[in-house]
J.: 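I'd like to ask you about the structure that follows.
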Amino acid sequence: MCGIIGIVSKEPFTSKEPLSRLKKLEYRGYDSWGYWNGKQLTKKMGKIVVYDDGTDVNLAICHTRWATHGGVTEWNAHPHRAGKVTIVHNGIIENYAELREELKKKGATFASETDSEVIAHLVEQGVNEKRGMETILKGLLATLKGTFATLIMVDGDDKLYAAKRDSPLALGICKSRMILASDIYAFSDATDKAIFFENDEYAVLTADSYAFFGADGQPIKKTPKTFAWTTVAESKDSYDHFMRKEIDEEPVVCQRLIVSLQGEQHDKFEQLVGLIRKAKKTVFTAAGTAYHASLLGASFLHQQGINAQAIIASEFENFITVDRETVVIAVSQSGETMDVIEAVKYSKEKGATIASIVNVPYSTIERMSSLSLQILAGPEVAVASTKAFTNQSTVMLALAQAFGYANGLEQLPEKLTETLQLEPKLERLAKELHHHRDLYVLGRKLGYPVSREIALKIKEISYIHAEGMMGGELKHGTIALIEEGTPVVSLVYDDDPKMRSSTQEVKARGAHAVVIGSTEHDELRVPAESEAEFAILASTVGQLFAYHLAKERGLPIDKPRNLAKSCTVL
Ligand code: M6R
């Protein structure tokens with residue numbers, strides 16, 4: 001995934017400015033980081049340390065890494081240097097192995113195991129051969145296979161160079177300063193004017209000018225867009241973790257979304273309803289948590305007689321046929337998930353209409369869609385998605401309502417507030433269960449996506465192996481794993497007899513059964529009056545449970561190992 005920053009400025013700056021901007025991109029990866037200011041190369045393991053080196057410069061690049069090729073080591077951290085050339089890269093160079101061999105034959109010596117380092121050597125070769133930078137960049141687009149947003153500096157040159165294919169890259173235009181970044185978060189405090197790179201474009205930047213070119217080397221006229229985006233939440237306030245703060249924000253952001261769907265976003269919402277009504281098939285596509293919200297959406301619509309499905313983005317082509325009569329709805333918090341982008345591209349090629357439900361405005365997925373709704377959850381900093389899931393599900397609920405599914409949408413914010421009161425019980429439960437290695441979550445109907453969502457949350461932040469599954473599937477294999485004391489969480493709406501039976505079946509095998517229900521006799525009771533409400537409220541219970549399990553285990557809740565907030569590689 002990785003995050004990149006480049007600054008070229010008339011006024012000098014020290015390391016503090018680019019590194020504080022890089023810190024805002026840490027959600028994209030936090031294995032290691034590095035900084036190059038034209039004089040000194042810094043590479044470090046772990047999370048970014050914002051420091052002031054006191055060295056004034058006018059040009060710098062830096063990088064935060066989520067390792068793909070080559071282990072998490074200092075030498076694999078970016079920037080990478082070759083001769084006079086220094087680069088940072090986000091993406092994956094698919095033909096790096098062959099390029100590396102060719103470059104080695106020509107005398108290049110590699111200092112890292114990364115795919116990215118070939119970019120530095122390719123540019124260096126061009127510089128040594130005295131080809132102009134524009135020719136070199138054009139050649140780079142032709143030579144590289146795969147995905148990249150790359151920034152390039154050349155010793156003794158006061159310009160900053162950039163090229164992009166598929167990985168996100170935006171240019172922030174400030175007074176006498178240009179800032180390149182993986183997303184607008186990184187410069188939204190400094191300017192509201194940005195240019196988004198499209199695929200196979202490269203640019204040459206000075207402090208007060210930019211020139212864009214296409215793969216054929218022809219200049220491209222680009223007009224800056226004015227954007228409105230609140231700056232990233234940088235403070236946890238009185239909370240120990242962003243995740244906990246973000247769970248508490250759910251009632252407020254849910255209310256904001258409902259108001260917006262009835263007001264500001266009403267026309268767009270009605271257009272989406274119209275598209276679904278007209279289409280022969282509605283297909284949601286997403287990854288991770290957003291996929292679970294999509295499953296809810298597909299099930300809501302299905303119950304109203306709409307032909308709707310949810311397909312995991314990374315397997316999209318293998319499990320669905322789409323055509324001109326299909327509406328594909330991409331659901332993504334970041335709007336940058338590469339698996340989802342690929343599914344959207346494929347659907348576009350097949351002639352489907354593309355709509356999206358995103359949180360981050362101006363994101364790639366939003367820009368690829370003919371129609372896009374925003375979930376208005378505000379910046380979500382914790383890697384584990386919480387308030388975004390609630391708001392994605394709220395949009396699904398609103399869609400279901402538009403098709404006649406009565407579900408108490410308006411009361412949801414209040415009920416979320418009530419649900420949060422269960423926290424002391426969940427804290428106690430987490431104290432009891434956090435030593436376990438395995439845990440199961442069972443659900444049926446709308447409870448099934450929720451069981452998977454709760455299990456995902458538990459896995460990613462508490463590192464407990466958790467499996468979310470259909471209650472009915474238990475007897476077909478998984479029940480063999482239930483032993484004395486195995487924790488099994490059942491999601492039981494309105495005393496559903498089938499879910500009660502599944503719970504009894506695991507209890508009979510000695511499981512430590514925990515029920516999240518909706519009736520008076522349920523210890524963990526959510527105030528749901530419809531199955532749909534139950535699904536959303538039970539997810540919030542699951543988020544709090546996962547949070548406390550991870551807290552008991554003393555883990556880095558906001559930045560779990562091996563993960564990144566935004567997955568911009570395939
Ligand atoms: O930004 P997106 O919604 O497209 O991200 C999709 C998944 O990567 C994301 O939901 C992931 O599963 C979360 N870390 C789960 O909490």
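When reading the values below, keep in mind they use all heavy atoms of this one structure, side chains included, and skip hydrogens, waters and symmetry mates. Being a predicted model, the structure only gives us computed values, none of them experimental. Numbering of ligands and ligand atoms starts at 1, following listing order.
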J.: Could you tell me which atoms of ligand 1, counted from 1 in the order shown, lie closer than 4.0 angstrom to a heavy atom of Ser334?
T.: 1 (O), 2 (P), 4 (O)
J.: Looking at the rings of His292 and Phe389, which for Trp means the six-membered one, are their centres under 6.0 Å apart?
T.: no
J.: Starting from atom 11 (C) of ligand 1, which protein heavy atom do you reach first, and at what distance in Å?
T.: Thr289 N, 4.2 Å
J.: Starting from atom 16 (O) of ligand 1, find the nearest protein heavy-atom neighbour and note its residue, name and distance.
T.: Glu460 OE2, 2.3 Å
J.: With atoms numbered from 1 as shown, which atoms in ligand 1 lie under 4.0 angstrom from a non-hydrogen atom of Ala290?
T.: 3 (O), 10 (O)
J.: Is the closest basic N to carboxylate O distance between Arg367 and Glu198 below 4.0 Å?
T.: yes
J.: How far is atom 5 (O) of ligand 1 from its nearest protein heavy atom, and which residue and atom name does that atom have?
T.: Thr337 OG1, 3.5 Å
J.: Show me which atoms of ligand 1 lie under 4.0 Å from any heavy atom of Ala384.
T.: 16 (O)
J.: List every atom of ligand 1 that sits less than 4.0 Å from any heavy atom of Lys457, numbering the atoms from 1 in the order shown and giving each element.
T.: 15 (C), 16 (O)
J.: Does ligand 1 come near enough to Val340 that some N or O of the ligand is less than 3.5 Å from an N or O of the residue?
T.: no
J.: Flag the pair Thr540 / Ile247 as yes when at least one side-chain heavy-atom distance between them is below 4.5 Å, and no otherwise.
T.: yes
J.: Could you check whether Glu418 pairs with Lys415 (Lys NZ or Arg NE/NH1/NH2 to Asp/Glu carboxylate O, under 4.0 Å)?
T.: no
J.: Can you find a pair of side-chain heavy atoms, one from Phe269 and one from Ser260, that are under 4.5 Å apart?
T.: no
J.: How close does the nearest protein non-hydrogen atom get to atom 3 (O) of ligand 1, and which residue and atom is it?
T.: Gln333 N, 2.7 Å
J.: Any ion pair linking Asp189 and Lys24 (charged N to carboxylate O, less than 4.0 Å)?
T.: yes
J.: About how many Å separate CG of Leu171 and CD1 of Ile179, when rounded to the nearest 0.5 Å?
T.: 9.0 Å
J.: On a heavy-atom basis, which atom in Asn359 and which in Gln333 lie closest, and how many Å separate them?
T.: ND2-OE1, 2.9 Å
J.: Quick one: look up the protein heavy atom nearest atom 8 (O) of ligand 1 and list residue, atom name and how far away it is.
T.: Cys567 SG, 4.0 Å
J.: At a 4.0 Å threshold, what atoms of ligand 1 neighbour a non-hydrogen atom of Ala287?
T.: 6 (C), 7 (C), 10 (O)
J.: On the 0 to 90° scale, with breaks at 30° and 60°, tag the Phe148-His89 ring pair as parallel, tilted or perpendicular.
T.: tilted
J.: Is it the case that ligand 1 has an N or O less than 3.5 angstrom from some N or O of Ser385?
T.: yes
J.: Tell me the nearest of Gly288, Ala293, Ser363 to atom 12 (O) of ligand 1, using heavy-atom distances.
T.: Gly288
